[in-house]
> 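I am attaching a structure below and will ask some questions about it afterwards.
Remember, it's 1-based here, ligands and their atoms both numbered in the order they're listed.
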Amino acid sequence: MNRVFNFYAGPSTLPLPVLERIRDEIVDFRGHGLSIIETSHRSSEYEEIHNGTIANLRELLRIPDDFEVLFLGGGATFQFGMVPLNFLDSSSSCDFVVSGSWAKKAMADAKKVGKVNVVFDGAADKFTTLPDPKSVKPSQGSRYLHITSNETIGGVQWQEFPDTGSVPLIADMSSDILSRPVDMSKFALVYAGAQKNLGPAGMTVVIIRKELVEKCNPDLTAYLSYKTHAVGNSLYNTPPVFSIYASGLVLEWIKEQGGLAAVTQRNRAKASALYDAIDGSDGFYRCPVDRSVRSMMNVVFRLKSEELEKTFLEEAGARGMLGLPGHRSVGGCRASLYNAMPIDGAKALAELMKDFARRHG
Ligand code: PMP
């Protein structure tokens with residue numbers, strides 16, 4: 001098989017050794033005579049996978065002991081509602097940094113539950129920038145402050161995080177979790193859908209401070225409460241077993257790569273290859289994002305016309321580079337460079353960009 005370079009924003013490319021291992025194990029899981037996806041989630045075989053995945057996530061992200069690691073269903077979108085349902089009510093307020101499409105969606109759900117103060121709004125700059133983290137201060141009495149660590153559509157990424165003192169900092173890390181080391185102790189809750197840096201869609205990781213678990217709304221139905229999942233080690237009901245199993249393999253792969261330090265270094269090199277191609281193109285390509293907050297995960301760029309963009313995307317496709325159109329809401333081009341994208345993929349795209357600019361400039 002000729003594998004393409006897959007630049008999709010999510011679901012997105014997975015490490016080939018992980019896919020091969022899944023292929024090898026999917027019918028007969030490690031000699032047990034059945035597949036992991038037909039094994040009870042109460043079996044010792046599954047339990048080992050479940051707890052091993054949690055342990056590897058804890059190790060790689062250096063998650064302090066006073067945090068719970070939960071595996072939930074419903075995607076990151078479910079967290080947009082679950083966070084306010086647990087920690088907000090009609091008489092209380094939270095803070096939002098509105099950095100792009102995903103922050104807006106999370107905020108829209110929070111507004112259904114309580115009051116929202118906007119502490120930064122990037123709309124006037126078309127979501128091409130972020131606030132100085134030092135300038136981000138929570139409002140008086142705020143229940144939490146929500147940020148989106150990487151805006152997958154706009155291609156803006158926080159480089160450092162705000163200090164919110166006693167107000168819990170909550171982050172949607174769906175599109176950059178495990179792409180770089182992060183000081184988890186700054187956060188009270190982090191959530192991320194699996195389908196970018198972790199594994200196949202189906203599971204959402206929630207990393208939550210134990211202290212915050214105690215503050216969950218006690219009147220929620222069982223699944224909606226973080227406490228239910230914390231008490232049950234994410235086995236209150238049937239968890240998304242396939243996604244958890246495959247994510248476990250991805251975590252092992254990250255460890256084999258040398259952990260987050262090695263992965264970050266490679267991610268930086270991949271992003272630089274593309275940003276250098278953009279910056280060295282004499283305006284043929286344009287990245288709208290403020291340089292200081294350019295994303296290492298989702299590199300967005302425009303060409304001079306939509307027609308030229310269409311030709312470029314067609315050429316890329318013909319050369320085995322897929323998933324490069326920008327999100328349907330914004331157009332343009334976007335190259336997603338998650339952990340599993342090999343450096344050769346980024347180099348091939350950078351070469352095509354340079355060559356295309358020479359021919360069409
Ligand atoms: N937040 C961010 C930053 C995302 O990129 C996405 C998906 N692309 C979501 C939330 C929504 O995730 P899901 O589709 O898993 O609900």
Side-chain angles (χ1 to χ4, degrees), residues 6-14 70-85 96-112 120 122 127-130 144-159 161 169-180 182 187 189-207 223-224 229 234 239-240 242-244 246-247 250 267 271 289 293-300 323-341:
N6 170 0
F7 293 95
Y8 281 118
S12 43
T13 191
L14 287 167
L70 313 177
F71 296 149
L72 309 183
T77 302
F78 194 69
Q79 295 307 307
F80 294 168
M82 196 163 161
V83 167
L85 284 171
F96 260 79
V97 172
V98 189
S99 49
S101 312
W102 293 111
K104 278 203 293 188
K105 282 199 167 165
M107 180 171 70
D109 273 2
K111 278 184 176 170
K112 301 229 172 204
F120 172 86
F127 299 116
T128 55
T129 189
L130 287 172
Y144 59 87
L145 188 145
H146 183 283
I147 63 168
T148 309
S149 60
N150 182 70
E151 283 284 355
T152 323
I153 296 175
V156 304
Q157 184 178 30
W158 290 81
Q159 310 300 311
F161 298 105
L169 178 61
I170 295 186
D172 173 0
M173 280 196 195
S174 292
S175 51
D176 67 352
I177 194 165
L178 290 160
S179 69
R180 55 179 174 174
V182 163
F187 299 89
L189 189 157
V190 164
Y191 61 90
Q195 67 271 23
K196 298 162 200 303
N197 271 332
L198 249 173
M203 178 260 274
T204 305
V205 167
V206 175
I207 302 159
Y223 197 90
L224 283 174
H229 303 290
S234 304
F242 178 73
S243 180
I244 294 168
S247 296
V250 171
N267 287 340
V289 178
V293 293
R294 283 173 165 182
S295 171
M296 266 204 303
M297 294 281 96
N298 310 97
V299 177
V300 297
L324 286 165
H327 189 267
R328 60 188 190 281
S329 61
V330 292
C333 305
R334 167 178 57 173
S336 296
L337 304 173
Y338 302 122
N339 288 347
M341 167 58 65

> In Å, rounded to the nearest 0.5 Å, how long is the span from OG1 of Thr204 to CZ of Phe71?
11.0 Å

> Using a strict cut-off of 4.0 Å, indicate which atoms of ligand 1 neighbour a heavy atom of Gly75.
15 (O), 16 (O)

> With a 4.5 Å cut-off on side-chain heavy atoms, are Arg294 and Val299 touching?
no

> Parallel, tilted or perpendicular for Tyr223 and His229, by the 30°/60° rule?
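Perpendicular: the ring planes of Tyr223 and His229 meet at over 60°.
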
> Check contact between Lys105 and ligand 1, using heavy atoms of the residue and a distance below 4.0 angstrom.
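Checking ligand 1 against Lys105, which is what was asked, there is no heavy-atom contact under 4.0 Å.
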
> Is there a side-chain contact between Ile147 and Phe161, using heavy atoms and a 4.5 Å cut-off?
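Yes; the side chains approach each other to less than 4.5 Å.
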
> Starting from atom 1 (N) of ligand 1, what is the nearest protein heavy atom, named by residue and atom, and what distance separates them?
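So the nearest neighbour among protein heavy atoms is Asp172 OD2, 2.6 Å.
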
> Does ligand 1 have a heavy atom under 4.0 Å from the side chain of Gln195, from its backbone, from both, or from neither?
side chain

> So, does Gln79 sit close enough to ligand 1 that a heavy atom of it is under 4.0 Å from the ligand?
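In this structure, Gln79 fails to qualify as a contact of ligand 1 - no heavy atom is under 4.0 Å.
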
> Just to check, does Phe80 reach to within less than 4.0 Å of ligand 1 when the distance is taken from its heavy atoms?
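Contact check Phe80 vs ligand 1: positive.
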
> How many angstroms lie between atom CG of Asn267 and atom CG of Asn339, to the nearest 0.5 angstrom?
5.0 Å

> I want to know if ligand 1 touches Lys196 in the polar sense, i.e. an N/O pair below 3.5 angstrom.
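Min N/O separation from ligand 1 is below 3.5 Å for Lys196.
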
> Counting distance only, does the side-chain N/O of Ser295 pair as donor-acceptor with the main-chain N or O of Gln157 below 3.5 Å?
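Checked: no pair found.
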
> Spell out, as yes or no, whether a donor-acceptor pair under 3.5 Å connects the side chain of Lys196 to the backbone of Ala9.
yes

> Where does the angle between the aromatic ring planes of His146 and Tyr191 fall among parallel (under 30°), tilted (30 to 60°) and perpendicular (over 60°)?
tilted

> Which one of Ser174, Ser175, Ser99 satisfies the side-chain hydrogen bond (donor to acceptor under 3.5 Å, both in side chains) criterion with Asn150?
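It is Ser175; the other options fail the test.
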
> Number the atoms of ligand 1 from 1 as they appear, then name those within less than 4.0 Å of a heavy atom of Ser174, with their elements.
1 (N), 2 (C), 3 (C), 4 (C), 10 (C)

> Is there a polar contact between ligand 1 and Thr148, counting only N or O atoms under 3.5 Å apart?
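No - when backbone and side-chain N and O of Thr148 are compared with those of ligand 1, no distance drops under 3.5 Å.
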
> Any atom of ligand 1 sitting under 4.0 Å from a heavy atom of Asn150?
yes

> Taking only heavy atoms of Thr152 into account, list the atoms of ligand 1 that are under 4.0 Å away from them.
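Taking each heavy atom of Thr152 in turn, ligand 1 has 2 (C), 3 (C), 4 (C), 5 (O) under 4.0 Å.
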
> Is there a nitrogen or oxygen of Ala76 sitting under 3.5 Å from a nitrogen or oxygen of ligand 1?
yes

> What residue and atom, counting heavy atoms only, is the protein's closest point to atom 16 (O) of ligand 1, and at what distance?
Thr77 OG1, 2.5 Å

